Structure formats: structure tokens, C-alpha cells
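Here the structure comes first, spelled out in C-alpha cells, and everything after it is commentary.
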Amino acid sequence: MAPTAVSPAVTTSPLPALKRSAQANAAPRTAFAFDPIESALAAFGAGEFLVVMDSEDRENEGDLIIAASHCTTEKMAWMIKHTSGYICIALPGDRLDELDIPMMVPDNQERHRTAYTITVDYKHGTTTGISASDRSATVRALASPTSLPSDFTRPGHMVPLRARDGGVLTRMGHTESGVDLCLLTGLPPAGVLCELVNDDARGTMARRDDCRAFADRWGLKMISVEMLAEWRRTHPDGQ
């Protein structure tokens with residue numbers, strides 16, 4: 001059987017790194033604020049990263065999230081550089097079933113019940129699976145509706161996460177945010193995500209104000225999981 005072709009990520013949006021210089025003359029913030037959800041959705045749909053915060057009494061972490069269909073090698077490399085590097089991809093459960101990607105363990109004891117599955121690599125045109133190029137090829141293949149179970153090797157270097165049905169309205173997590181953002185912007189439901197870390201000697205987790213400073217530095221929009229849930233509650237048709 002011929003391998004499933006994975007198209008290069010198509011985006012008209014520049015890499016965040018190319019936008020950084022435009023932020024140099026921006027006025028400094030005097031108070032914390034999230035960005036409007038409308039502008040964040042527009043940016044996400046155009047292939048940009050978002051910084052998405054969860055509750056301060058939950059993980060209190062900010063994730064970089066991008067649509068898998070827009071995740072080029074360059075964007076994957078940039079994401080690896082500024083995060084923990086443990087890159088995951090959120091997918092709907094029915095798509096994971098179609099791809100024969102089961103849960104990692106039968107008894108999930110993770111604190112927030114993040115639904116890790118077995119890891120995978122795209123097997124066509126890749127090498128070790130760990131490079132930015134290979135990982136970006138894998139996430140784009142996972143986002144492709146034409147990919148087959150036989151297109152992936154198991155285990156691998158990409159970590160699929162099983163999003164709950166109902167999205168952030170049933171679980172207020174980054175996993176569900178990744179899928180919901182894609183659905184709300186008309187993109188294949190596959191969101192690439194990873195936790196932001198600070199550029200310090202200990203690689204500490206980036207908290208709210210750290211994430212706001214990072215987003216401003218790179219010209220990214222920043223929202224919260226709760227904002228996404230509120231948008232869904234008040235826009236049940238997705239518009």
C-alpha cells in the first residue's frame with residue numbers, strides 16, 4: 001500500500017520569531033490582561049501560536065498551542081526551544097480509535113487525568129523521529145484525515161492525547177482546548193501543545209505573568225481555558 005502523503009504545512013502567518021522586532025517599540029503593560037478571544041481565534045486560524053493559561057488553582061501553567069495542520073518544521077523547532085520539549089498532540093477519541101492508537105496505560109493515575117496514549121512516529125520520510133522535521137511530519141500526518149494506522153510506528157516520539165467529548169465544557173484542560181481551537185477555526189481537529197518554561201538555570205515552569213511577558217515579547221495572543229469555555233457557552237453554533 002502506498003504511504004499516505006503528508007502535505008507541507010500551509011500558512012500565510014510569519015513565524016513568531018519574525019514578529020519579535022515589531023514588539024520592541026510596544027508600550028509596556030501597566031496591568032495584566034488577556035487578549036480578546038476574537039483576535040486570538042483569528043490568529044490561531046491563520047496558523048499562529050496561542051498562549052493558553054489554565055486555572056491558577058489547577059496546573060497554573062501556560063501552554064503554547066498551534067494547529068497541527070499549520071505546524072511547519074520551523075515552528076516545531078521554535079516550540080521545542082521555548083517549552084519543556086515534551087510535545088503532545090490533542091486529538092478526538094474517535095480519530096484515535098480509527099488510527100488504532102490506544103491509551104498508554106489501563107489505569108490512569110496522572111493527577112489531572114491527562115489521557116496519554118501510546119506514542120507514535122510517522123514512518124514515511126522520517127529518520128529517528130525526534131527531530132523537529134520528523135515531529136512536524138508526524139503531527140501533520142495525525143491531523144490528516146487520509147492517514148491510516150499503518151502510516152505510524154509505535155512507540156515513537158510524538159505523544160497523542162485523547163480529548164474528551166464535549167471539549168472544554170466537559171474538561172477544562174489544555175488537551176480539550178487544543179481540539180476546540182481547531183474546531184472553532186475550521187481546521188482539522190488536532191492541536192499541538194506543550195508547557196512554557198522560563199529561560200533560567202532551573203527551567204522553572206512559566207506562570208501567569210511569565211506567560212504574559214513571553215506572549216508580548218513574541219507578539220502572540222494569550223487567552224485562558226475559561227475564556228474558551230465561556231466563548232463556547234455563549235456561541236453554541238461555533239460562530
Side-chain angles (χ1 to χ4, degrees), residues 1-13 15-17 44-50 52 63-105 114-164 173-183 185-195:
M1 182 179 295
T4 301
V6 176
S7 301
V10 177
T11 176
T12 58
S13 175
L15 283 169
F44 189 85
E48 297 185 20
F49 286 96
L50 295 184
V52 181
D63 277 25
L64 280 177
I65 304 182
I66 190 172
S69 57
H70 281 294
C71 193
T72 62
T73 295
E74 294 79 10
K75 289 181 177 181
M76 178 64 78
W78 185 87
M79 188 178 197
I80 293 167
K81 179 179 179 180
H82 293 287
T83 65
S84 69
Y86 192 65
I87 312 293
C88 298
I89 177 170
L91 292 158
D94 56 358
R95 184 56 179 147
L96 287 166
D97 292 341
E98 292 171 354
L99 292 174
D100 192 22
I101 301 176
M103 299 302 296
M104 185 179 287
V105 294
T114 302
Y116 294 96
T117 74
I118 62 170
T119 55
V120 299
D121 284 335
Y122 185 57
K123 65 167 60 170
H124 309 295
T126 56
T127 56
T128 64
I130 191 61
S131 68
S133 176
D134 286 358
R135 282 196 266 182
S136 65
T138 298
V139 299
R140 293 198 305 274
L142 287 167
S144 171
T146 61
S147 291
L148 302 172
S150 58
D151 291 318
F152 303 93
T153 56
R154 304 158 177 79
H157 297 84
M158 276 308 307
V159 187
L161 304 176
R162 190 182 184 101
R164 287 192 192 174
H174 287 113
T175 302
E176 289 69 27
S177 297
V179 169
D180 279 1
L181 284 167
C182 292
L183 293 173
T185 52
L187 297 172
V192 183
L193 60 153
C194 197
E195 306 89 344

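As a basis for the values below, the full set of heavy atoms in this structure was taken, side chains included, without hydrogen atoms, waters or symmetry mates. Please read all numbers here as calculations on a predicted model, not as lab measurements.
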side-chain contact (heavy atoms from CB on, under 4.5 Å) between M76 and V139, worked out: CA-CA 10 Å; M76 178 64 78; V139 299; 4.1 Å; yes
Would you check if the side chain of S144 reaches a backbone N or O of R140 as a donor-acceptor pair within less than 3.5 Å? no
Within the side chain of T117, is there an N or O that forms a donor-acceptor pair under 3.5 Å with the backbone of M104? no
Qualifying residue for side chain to side chain donor-acceptor pair (under 3.5 Å) with R162, from T175, T114, D97: D97
May I ask you to decide if T126's main-chain N or O and D134's side chain share a donor-acceptor pair within less than 3.5 Å? no
Which atoms form the tightest heavy-atom contact between I66 and K75, and what is the distance? CD1-CD, 3.5 Å
Distance-only, no hydrogens or angles: does the D121 side chain make a donor-acceptor pair with backbone N or O of H157 under 3.5 Å? yes
Which residues share a side chain to side chain contact (heavy atoms under 4.5 Å, CB included) with A190, sequence neighbours left out: A68, I89, L91, A143
Taking only residues two or more places apart in sequence, or in another chain, which ones meet D100 in a side chain to side chain contact (heavy atoms under 4.5 Å, CB included)? P149, R154
Give a yes-or-no answer on whether the side chains of T83 and E195 include a donor-acceptor pair shorter than 3.5 Å. no
Are the side chains of L96 and M103 in contact, using a 4.5 Å heavy-atom criterion? no
Give the ring-plane orientation class for W78 versus H82, where under 30° counts as parallel, over 60° as perpendicular and anything between as tilted. tilted
Sequence neighbours excluded, the answer for side chain to side chain contact (heavy atoms under 4.5 Å, CB included) partners of A67 is F44, S69, H70, C182, L187
